[in-house]
Amino acid sequence: MLDPKLVRSNPEAVAEQLSKRGFKLDVSLLMELEEQRRSLQEKTQQLQAERNAYAKSMGKAIAAAKAAGEDIEPLKAKGEELKNAVHEAEKALEAVQNALESYLLEVPNIPDEQVPHGLSEDDNVEIRRWGEPRQFDFPVQDHVDLGSTDGGLDFEVATKIAGSRFAVLRGHLARLHRALIQFMLDTHTAEHGYQEVYVPFIVNRDALLGTGQLPKFEEDLFKLDDEREFYLIPTAEVPVTNLHREDIVADPLPVKYVSHTPCFRSEAGSYGKDTRGLIRQHQFEKVELVQFVRPDQSDAALEELTAHAEAILKKLALPFRTIILCGGDIGFSAARTYDIEVWVPSQNKYREISSCSNFRDFQARRLKARWRNPDTGKPELLHTLNGSGLAVGRTLLAIVENYQRADGSIVIPDALKPYMAGLETIPGP
RNA sequence: GGAGGGAUGGCUGAGCGGUUGAAAGCACCGGUCUUGAAAACCGGCGUGUCGAGAGGCACCCAGGGUUCGAAUCCCUGUCCCUCCGCCA
């Protein structure tokens, strides 16, 4: 959520900045609600003050009246009147505050100055490339064909037991999948200073409000049929970032977590997109990096975090490029996002494998995630960041395709061999 | 699943329906003292929100209710603890 003070004190400037992402801030609605809020709040608080003062004086007044043998009913009646007036004012104020709050909850974050202009993914800007896409001297197969030979990658049986957009992995590929997870976790904990956390895969509504998936993106989530309003997590970002909801972080910042979780997405609105293969699934695994940092450190932290994700691809010798998302393509809660795209030979292009974002204080404000600034001694909002490090299914896909040989076998990257009991290649048909 | 007991400021922990936004201790900050530190002593010290400011308002798990007045009474929910049962 944006700082309400900023929005009401400078609505035109905020609207201008939000237009960069194609969002139209309803300034007149906002101003009108704000005006109502102000006058109602004034009135309510004045009445509350009156009631409080009156109630305070009542103890003595009643005692005095009783001693004098007077009727105390009139004293009570005045209190009753005040009570009712306060109630009414409070209700009106609450209604306006709710309207204001629910509007603000659906306003996206202000994009960073460095975010390129543009309204579609075509306007994203490439920052850097690493590695050379391999030249193949034989017809390239995609991972679906490569995996189908020994049933290592089986979409049909997954359809039977669940439905479309699910996969079953078997044998070497299942092991490779597990190896990737271990490898990523080990790298981030041992080399990049992250603490590993294991978290719930089911979260409540408050958690999703905190990170910004709700209230606006309910249709992307799997909701459980349960009166407790449970949802399957769409990313580890939700449980991990919520670790510090309504918290004043005591640890020295930055606090860095890495977590491996499954992710569940209904992918509403993506029908017909990437229907083949592992790219877009209802269930996939991800190793996620999350950081809580001092506000003045978050820009640097995003560069660092992105480099941590890139390090995995470098160790796996998978060619990639890093792009910065333009205003129109950036996520709801993010101020700045780098996508890392890995080379996918069968598609002859780079495809997203990680998304690293700085949310500034946007999530922190919703979460009430704070730290105690030693300079002021006061609790202040901190900044949150996260990034995939990496999406496991897509990494598996990239390995299978980039490391394929003419006979359909797949070479195991050196970095993964220790996790594969020394296996050198996954044999072809 | 059954039976009890809890939830108060960064932590521990008092709190009679009215003078309690909240005792006390710890921690923390400032000062005195000291060559320095510790100890001792003095003072300060919750969060949010509105306001230019003075100051106001809200908050004692959450939501309802009773009352002129609720941290204190009632109801519902959530979470935690103890005992019994069951269980990967």
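Every chain is numbered from 1, with letters handed out A, B, ... down the list of sequences. Note that these values count all heavy atoms, side chains included, but never hydrogens, waters or copies made by symmetry.
For B:rG31 and B:rG36, the P atoms lie 13 Å apart once the distance is rounded to whole Å. B:rC16 sits 31 Å from B:rC28 when the P atoms are compared, rounded to a whole Å. B:rG9 sits 10 Å from B:rC60 when the P atoms are compared, rounded to a whole Å. To the nearest whole angstrom, the two C1' atoms, one in B:rU12 and one in B:rU67, are 34 Å apart. The separation of B:rA38 from B:rC26, taken at their P atoms, amounts to 16 Å, rounded to a whole angstrom. B:rG48 and B:rA39 are spaced 38 Å apart, taking the C1' atom of each and rounding to whole Å. For B:rC79 and B:rU8, the C1' atoms lie 16 Å apart once the distance is rounded to whole Å. Between B:rG17 and B:rA71, the distance separating the two C1' atoms is 11 Å to the nearest Å.
Two rings, from A:His308 and A:Tyr194, have their centers less than 6.0 Å apart. Between A:His188 and A:Tyr257, the distance separating the two ring centers is not shorter than 6.0 angstrom. With ring centers used as reference points, A:Phe362 lies under 6.0 Å from A:Phe332. Checked against the 6.0 Å centroid criterion, the rings of A:His282 and A:Phe222 qualify as a close aromatic pair.
Within the shown strands, B:rC29 is the pairing partner of B:rG43 under the Watson-Crick or G-U definition, both distances less than 3.5 Å. Applying the Watson-Crick and G-U wobble criteria (two distances, each under 3.5 Å), B:rC16 pairs with nothing in any strand. With a 3.5 Å ceiling on both atom-pair distances, the Watson-Crick or G-U wobble partner of B:rU78 is B:rA7. As the counterpart of B:rC73, B:rG65 is assigned, both hydrogen-bonding distances of the Watson-Crick or G-U wobble pattern falling under 3.5 Å. For B:rA22, there is no paired nucleotide, since no Watson-Crick or G-U wobble pair has both relevant distances below 3.5 Å. B:rG48 and B:rC57 make up a base pair, with Watson-Crick or G-U wobble contacts both under 3.5 Å. With a cut-off of 3.5 Å on both Watson-Crick or G-U wobble distances, the partner of B:rC83 is given as B:rG2. The partner of B:rA37 cannot be assigned: no Watson-Crick or G-U wobble pair with both contacts below 3.5 Å exists in any strand.
Listed pair A:Lys378 / B:rU47 meets the phosphate criterion, a side-chain N or O lying under 4.0 Å from OP1 or OP2.
Summarising the geometry, the separation between CD on A:Glu229 and C1' on B:rU78 is reported as 14 Å, rounded to the nearest angstrom. When rounded to the nearest whole Å, the span between CG of A:Leu47 and C1' of B:rC68 equals 15 Å. Protein atom CZ of A:Arg365 is 9 Å distant from nucleotide atom P of B:rU49, rounded to whole Å. Rounded to an integer number of Å, the gap from NZ of A:Lys5 to C1' of B:rC50 is 9 Å. The NE2-P distance, from A:His87 to B:rA58, rounds to 13 Å in whole Å. Between the CG atom of A:Asp3 and the C1' atom of B:rU49 there is a distance of 12 Å, given to the nearest Å. Taking atom NZ of A:Lys368 as the reference point, atom C1' of B:rU47 lies 11 Å away to the nearest angstrom. If you take CD of A:Glu42 and C1' of B:rU49, they are 14 Å apart, rounded to a whole angstrom.
When the nucleotides B:rC50, B:rA58, B:rU67 are ranked by their closest atom to the side chain of A:Asn52, B:rA58 comes out on top. Side chain of A:Arg51, nearest nucleotide from B:rA58, B:rG18, B:rU49: B:rA58. The nucleotide whose nearest atom lies closest to any side-chain atom of A:Arg8 is, among B:rU47, B:rG56, B:rC50, B:rC50. Taking only side-chain atoms of A:Gln48, from C-beta outward, the nucleotide of B:rC57, B:rC68, B:rG21 with the closest atom is B:rC57. In the set B:rU19, B:rG51, B:rU47, the nucleotide with an atom closest to the side chain of A:Lys56 is B:rU19. Side-chain atoms of A:Ala55 lie closest to B:rG18 of the nucleotides B:rG18, B:rG51, B:rG56. The nucleotide whose nearest atom lies closest to any side-chain atom of A:Lys83 is, among B:rU47, B:rU67, B:rU49, B:rU67.
Residues A:Glu50 and A:Arg228 both approach RNA chain B. Their nearest nucleotides, taken by heavy-atom distance, put A:Glu50 toward the 5′ side. In this structure, A:Leu75 and A:Arg38 both approach RNA chain B, and ranking their closest nucleotides by distance from the 5' end singles out A:Arg38.
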| request: Decide side chain to side chain donor-acceptor pair (under 3.5 Å) for A:His383 and A:Gln297; before the verdict, give the C-alpha distance in whole Å, the side-chain angles of both, and the deciding distance to 0.1 Å. | output: CA-CA 8 Å; A:His383 281 194; A:Gln297 298 291 306; over 6 Å; no

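No side-chain N or O of A:Gln17 forms a donor-acceptor pair with one of A:Glu113 less than 3.5 Å apart. Counting only N and O atoms by type, the side chains of A:Asp339 and A:Ser355 include a donor and acceptor under 3.5 Å apart.
Checking each of A:Thr235, A:Ile233, A:Val197, A:Val240 against A:Glu288 for a side chain to side chain contact (heavy atoms under 4.5 Å, CB included) leaves exactly one that passes, namely A:Thr235.
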